[in-house]
Number of protein chains: 2
Amino acid sequence: MPASIHAVAARAGVSVATVSRSLTAPRTVRENTRARVLVAAAELGYEPNRAARGLITGRTGNIGVIAPDLGNPYFHAVLKGAQARAREADYAVFVADGQEDAGEEEALIRAMGKQVDGIVLCSSRLAPDTLARLDPTPTLVLLNRRVPGRPSVVVDSAGGICLAVRHLAELGHVRCAFVAGPRRSWSNRERLRGLRACTRAVGAELVTIGPVAPQFTSGAAAADRVLETGATAVLAYNDLVAVGVLSRLAELGVRVPDELSVVGFDDIPLAAMVTPPLTTVAAPTELAGRVAVEALLDRLQDGAAQRPAAVQRLPTTLVVRSSTAAPALTRTTTALRSA
Amino acid sequence: MPASIHAVAARAGVSVATVSRSLTAPRTVRENTRARVLVAAAELGYEPNRAARGLITGRTGNIGVIAPDLGNPYFHAVLKGAQARAREADYAVFVADGQEDAGEEEALIRAMGKQVDGIVLCSSRLAPDTLARLDPTPTLVLLNRRVPGRPSVVVDSAGGICLAVRHLAELGHVRCAFVAGPRRSWSNRERLRGLRACTRAVGAELVTIGPVAPQFTSGAAAADRVLETGATAVLAYNDLVAVGVLSRLAELGVRVPDELSVVGFDDIPLAAMVTPPLTTVAAPTELAGRVAVEALLDRLQDGAAQRPAAVQRLPTTLVVRSSTAAPALTRTTTALRSA
DNA sequence: TCGATCTCTGAAAAGGTTTACAAGAGTGTA
DNA sequence: TACACTCTTGTAAACCTTTTCAGAGATCGA
């Protein structure tokens, strides 16, 4: 029912090849002719049939985004950025949920592979060698993960967490706890690395707890252990975990930030919504999605295989809200906790 | 590079037609033959080329999901359910963000229409006649919206909010406020309808505030006006708004639930994460996504056009947490508020 | 035994686009 | 004039699958 390239060709008085060229390789056809074609196409409301095009070019015009957990707010912003950039380039975006499971993730890559030109793989839980061994098609771009030979976009986790440590040090904290994220997570390792270097630099003590799943409930469960460490400040793997800590502390009657300072990571919207609003390291999440798609699009160009796979590092900033303050000289609720 | 149907046919010693039939209409080919084909296909790792299939069938094997705002946690659960069901049926899911804008939403439907067999349109902001006038292709299924002639899946908003009102009435509240959502939102009208009927039934007073955008910040802004009404309980359009109210109340030093009870709607994960945890009407969100895709898949069957468009209503439940309690006889923080 | 019916299979067309190749026109050079 | 270009366009093949149509063989009833 919709107009085909033949209809346009007939209307413009040219061959179908000329119509095709007018649309996909404008420079190869005389300007005059092209104008005629464009008018005819517009009049008929012609849009190339993507299936037919895909059949011959081998391209789908789609890209995929795979996240470990679509329920994690972090990815919504990524998705939003990715989708916006993709739409600009006339690509459509598939999404899928890896369910925090390496096997599922690999299956998803294969299943999705047939239908997309490339995939943005967010915070992959896959082992490095699995990742390296995957087929060259579809093209992969890694987000928050570095693997030799694969293009990737990462957020400066180490630098960001260092900002947080310095902030705490300036407030007078000398003993900090870290609630660690998944062992498979590259981001977690980066944060830990930054943390170790930076606490040493400012002369603070560091106690790590975990690893825990990057979720609210894990944070709530970890709060008690944080208190046991005697730390006056706690940094969490991400905001979700930090909010979990916050929630449990409220339950226990531990006042934040007076008795314990709490810092998150990511700056998801939730961070500003809780009480008290969370001090956190802000990652440019939407931008990251955008940049990842940008990198993917670039990778899809002819001859991209020759160029080396680039790694782009995005800067982070510290957002100071109300969950951090100078440590109290004494903790008033010790009795309450042991009750 | 990947195996084509011809390779499979050659290996199995049959024609391509037989291979095709073995895979798409198993009953039309002798069991013996089919087994041979299946073995050959498995050995070669054959997977039908979707573009070629789409070219001839006119189907894409994709479905789309459009939400007014991908940043709203409500849709993540919808998306999760939709994606899971779609994957079971070997469909892939496109997502797009309507940006709370009717024009953008319509453009999206058109753009996406070429690449999908059907669309699940969540909480559409489109005017009823626009919605009715849209092309029959792609097939549309509405979520949380009812329009004559269109299949839809709705959550029992009116019934759910009635549960909440009864809960408040039992606690002794006689004056309730409602922070209303977008005027274009069908869900909002339903909630308001249920609210009016139910408050009348239990003999409570109702004051409405708004409409406001369905976001955290709107809730925060509305909190002051809620206090002015003198209501002892407030129901919000959704959890995001409720959490905004909560946040502002904490800032003002108004204790929840002692001085004011707060009720949300949707039961997004956030509802359990805030302090105090939010009493809310739980919508079966993930299920809704699932059911909507189910309805879409059904609608995609041959001859579905004859059948009338069904409306499915999903039940809601009340989740009582800690943000509701019996009203205090006096409000102790009046002075604080006016300060 | 003959014809009718049914079951299974193959040949070939069709679907809409891109692109290799060829051809024609025009331009500049020897 | 002949030649070698470039520029522009058209013809036709190719992409891979589904599906129509027809044919071959088998079964069944008369």
Side-chain angles (χ1 to χ4, degrees), chain A residues 1-41 44-62 90 113-115 117 137 300-302, chain B residues 1-41 44-62 90 113-117 137 300-303:
Chain A
M1 204 64 199
S4 83
I5 200 172
H6 287 95
V8 177
R11 187 175 191 106
V14 296
S15 73
V16 295
T18 301
V19 175
S20 176
R21 278 188 287 253
S22 297
L23 298 171
T24 58
R27 299 207 338 268
T28 65
V29 26
R30 197 162 46 141
E31 189 165 356
N32 199 331
T33 319
R34 198 179 108 233
R36 266 205 339 272
V37 170
L38 260 31
V39 168
L44 293 171
Y46 169 71
E47 297 232 10
N49 177 317
R50 295 179 86 112
R53 174 179 283 181
L55 182 55
I56 187 152
T57 61
R59 290 197 172 185
T60 60
N62 304 329
D90 208 22
K114 319 285 176 197
Q115 306 168 58
D117 298 334
T137 54
L300 256 24
Q301 303 287 329
D302 292 337
Chain B
M1 204 63 198
S4 84
I5 199 173
H6 286 95
V8 178
R11 186 175 192 106
V14 297
S15 73
V16 294
T18 300
V19 175
S20 177
R21 277 188 289 252
S22 297
L23 298 172
T24 58
R27 299 209 336 270
T28 65
V29 27
R30 195 161 46 138
E31 190 165 356
N32 198 332
T33 319
R34 198 179 109 233
R36 268 207 335 274
V37 170
L38 259 31
V39 167
L44 294 170
Y46 169 71
E47 296 233 9
N49 178 317
R50 295 180 86 111
R53 173 179 283 180
L55 182 55
I56 188 152
T57 61
R59 290 195 172 188
T60 60
N62 304 328
D90 209 21
K114 318 285 175 194
Q115 306 168 58
V116 301
D117 300 332
T137 54
L300 256 24
Q301 303 287 328
D302 292 337

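Labels below follow one simple rule: chain letters A, B, ... track the order of the sequence lines, proteins then strands, and each chain is numbered from 1. The shown structure was predicted, so the numbers you read here are calculated from the model rather than taken from an experiment.
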- Matching residue for A:L38 among A:L23, A:T33, A:V19 - test: side chain to side chain contact (heavy atoms under 4.5 Å, CB included):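 The side chain to side chain contact (heavy atoms under 4.5 Å, CB included) with A:L38 is passed solely by A:L23 among A:L23, A:T33, A:V19.
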- Passing option when B:R34 is tested against B:T18, B:V14, B:V29 for side chain to side chain contact (heavy atoms under 4.5 Å, CB included):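 It is B:V29; the other options fail the test.
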- Task: Answer with base, sugar-phosphate or nothing: what part of the nucleic acid does B:V19 contact at a heavy-atom distance below 4.0 Å?
- Result: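 The residue B:V19 makes no contact with any strand.
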Separation of [X] atom [atom1] from [N] atom [atom2], in whole Å?
{"X": "B:L44", "N": "D:dC16", "atom1": "CG", "atom2": "P", "result": "14 Å"}
{"X": "A:E31", "N": "D:dT8", "atom1": "CD", "atom2": "C1'", "result": "14 Å"}
{"X": "B:R21", "N": "D:dT19", "atom1": "CZ", "atom2": "P", "result": "10 Å"}
{"X": "A:R59", "N": "D:dC15", "atom1": "CZ", "atom2": "P", "result": "18 Å"}
{"X": "B:R30", "N": "D:dA24", "atom1": "CZ", "atom2": "P", "result": "17 Å"}
{"X": "B:R27", "N": "C:dT9", "atom1": "CZ", "atom2": "P", "result": "15 Å"}

- Query: Does any non-hydrogen side-chain atom of A:R50 lie less than 4.5 Å from one of B:T60?
  - Reply: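 Of all side-chain heavy-atom pairs linking A:R50 with B:T60, none is under 4.5 Å.
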- Side chains of B:V16 and B:V8: closer than 4.5 Å at any heavy-atom pair?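 No - every pair of side-chain heavy atoms lies 4.5 Å or more apart.
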Find every protein N or O atom lying less than 3.5 Å from an N or O atom of nucleotides 12-17 of chain C, and list the pairs.
| residue | atom | partner | partner atom | Å |
| --- | --- | --- | --- | --- |
| C:dG16 | N2 | A:A52 | O | 3.4 |
| C:dT17 | OP1 | A:Y46 | OH | 2.6 |
| C:dT17 | OP1 | A:N49 | N | 3.1 |
| C:dT17 | OP2 | A:I5 | N | 2.4 |
| C:dT17 | O5' | A:Y46 | OH | 3.3 |

- Query: With respect to the phosphate group of C:dG10, does any side-chain polar atom (N or O) of B:T18 fall under 4.0 Å of OP1 or OP2?
  - Reply: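 Checking C:dG10 against B:T18, a side-chain N or O does come within under 4.0 Å of OP1 or OP2.
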- Non-hydrogen atoms of B:Q115 and B:N62 that approach each other most closely: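 Scanning both residues, the minimum pair turns out to be O-ND2, 3.1 Å.
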- Query: Which pair of non-hydrogen atoms, one from A:R21 and one from A:T28, has the smallest distance, and what is that distance?
  - Reply: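 Closest heavy-atom pair between A:R21 and A:T28: CD-OG1, 3.5 Å.
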